[in-house]
Amino acid sequence: MISNTRNKKVAVCATAFLLLGCGSSGTGVYVTGTVTFDGNPVETGQIAFEPQQVGVMAVAMIVNGSYQLPRERPLTPGRYLVRITADRSTGKMLDSNPRSQEDQPAEEMEQFIPEKYNLRSQLYVDVDTTRDKHDFILTSN
């Protein structure tokens with residue numbers, strides 16, 4: 001009778017351990033930080049973290065030089081490739097807005113962050129539970 005009760009306790013503990021994700025509960029990292037380009041905060045843009053091992057890609061908006069990944073999507077500790085994009089006006093007007101069905105003039109926008117930070121990114125970060133702030137200082141050179 002005692003061994004049967006003991007077996008039930010072991011089974012309950014093992015089930016709880018599996019339901020908690022084998023000890024992975026609470027290991028997500030809520031990453032925040034700043035992004036500057038040539039010494040100025042990036043006004044609006046996007047930052048993406050692509051896992052290099054295990055994990056899920058996460059994307060956040062950059063607003064007034066700051067970003068914060070969604071709290072419901074924390075990063076798994078590990079190495080991430082980072083891609084940063086941002087558009088700005090060229091000061092020119094287009095005859096019509098290519099993103100709209102309306103035939104009205106629109107400002108021409110350009111991607112001003114160099115490819116080494118997005119298409120051909122060379123930015124990597126190691127995310128761990130002891131560091132949740134990652135700042136990026138980008139330059140045109």
Side-chain angles (χ1 to χ4, degrees), residues 2-141:
I2 294 174
S3 66
N4 198 12
T5 303
R6 184 174 176 212
N7 288 342
K8 286 180 184 176
K9 286 181 180 178
V10 169
V12 168
C13 289
T15 302
F17 182 74
L18 290 173
L19 289 175
L20 289 174
C22 299
S24 65
S25 178
T27 60
V29 181
Y30 304 103
V31 176
T32 64
T34 61
V35 181
T36 60
F37 181 72
D38 286 341
N40 299 308
V42 173
E43 289 184 33
T44 59
Q46 284 189 331
I47 185 167
F49 291 80
E50 298 177 14
Q52 298 302 288
Q53 296 98 21
V54 178
V56 178
M57 182 173 151
V59 179
M61 296 300 298
I62 301 168
V63 179
N64 296 322
S66 297
Y67 72 90
Q68 179 177 354
L69 290 177
R71 293 203 55 83
E72 63 274 3
R73 301 283 308 237
L75 294 179
T76 304
R79 188 161 180 81
Y80 288 81
L81 172 68
V82 179
R83 297 183 191 274
I84 299 172
T85 58
D87 293 333
R88 66 179 171 202
S89 174
T90 65
K92 298 177 185 174
M93 295 299 286
L94 299 172
D95 290 336
S96 63
N97 184 348
R99 296 181 186 167
S100 171
Q101 293 180 353
E102 297 177 20
D103 204 19
Q104 295 185 10
E107 280 187 289
E108 180 182 63
M109 302 298 282
E110 67 177 350
Q111 168 61 247
F112 68 94
I113 303 292
E115 286 184 2
K116 67 181 179 181
Y117 301 120
N118 44 63
L119 293 176
R120 295 187 176 100
S121 183
Q122 300 168 7
L123 294 175
Y124 289 91
V125 294
D126 292 311
V127 172
D128 63 41
T129 56
T130 63
R131 183 172 175 222
D132 60 359
K133 187 167 180 4
H134 293 277
D135 297 332
F136 297 93
I137 301 169
L138 314 179
T139 61
S140 54
N141 299 338

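Heavy atoms only: backbone and side chains are in, while hydrogens, waters and symmetry mates are out.
A side-chain donor from one of Asp128 and Thr130 sits under 3.5 Å from a side-chain acceptor of the other.
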Tell me which donor-acceptor pairs under 3.5 Å the side chains of residues 61-75 have, and how far apart each pair is, sequence neighbours excluded?
{"from": "Tyr67", "atom 1": "OH", "to": "Thr32", "atom 2": "O", "distance (Å)": "3.4"}
{"from": "Tyr67", "atom 1": "OH", "to": "His134", "atom 2": "O", "distance (Å)": "2.6"}

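Distance check: Phe112 CZ to Asp87 CG gives 8.0 Å after rounding to the nearest 0.5 Å. Atom CZ of Phe49 and atom CD1 of Ile84 lie 7.5 Å apart (nearest 0.5 Å). Atoms CE and CZ, on Met109 and Arg88 in that order, are 10.0 Å from each other to the nearest 0.5 Å. Atom CD of residue Glu108 and atom OG1 of residue Thr90 lie 3.5 Å apart, to the nearest 0.5 angstrom.
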Open item on the list: Applying side-chain contact (heavy atoms from CB on, under 4.5 Å) to Val56 and Thr76, what does each step give before you reach the verdict?
Closed with: CA-CA 8 Å; Val56 178; Thr76 304; over 6 Å; no
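Tyr124 meets the ring pair (Phe, Tyr, Trp, His ring centres under 6.0 Å) test with no other residue; sequence neighbours excluded. The ring pair (Phe, Tyr, Trp, His ring centres under 6.0 Å) check on Tyr117 picks up nothing, with sequence neighbours excluded.
Counting all heavy atoms, side chain and backbone alike, Pro114 lies closest to Ser140 at CG-CA, 4.2 Å. Across Gly91 and Ser89, no two heavy atoms sit closer than the pair N-OG, 3.0 Å. Arg79 approaches Gln53 most closely through the heavy-atom pair N-OE1, 3.3 Å. Between Ile113 and Phe37 the shortest heavy-atom distance is CD1-CD1, 3.9 Å. The nearest pair of heavy atoms linking Ala48 to Met57 is CB-CE, 3.9 Å. Tyr80 and Val54 get closest at one heavy-atom pair: OH-O, 4.4 Å.
For residues 43-61, every residue pair satisfying the salt bridge (Lys or Arg N to Asp or Glu O under 4.0 Å) rule, not counting sequence neighbours, is listed here: Glu50-Arg83. For residues 130-141, the pairs satisfying salt bridge (Lys or Arg N to Asp or Glu O under 4.0 Å) are Lys133-Asp135, with sequence neighbours left out. Each salt bridge (Lys or Arg N to Asp or Glu O under 4.0 Å) pair with one or both residues in residues 29-40, not counting sequence neighbours, would appear here, but there are none.
Counting heavy atoms from C-beta outward, Glu107 and Met93 have side chains that approach closer than 4.5 Å. Side-chain contact between Val42 and Phe136: absent, with no pair of heavy atoms (C-beta onward) separated by less than 4.5 Å. Residues Pro77 and Val29 meet the side-chain proximity criterion, which asks for heavy atoms closer than 4.5 Å.
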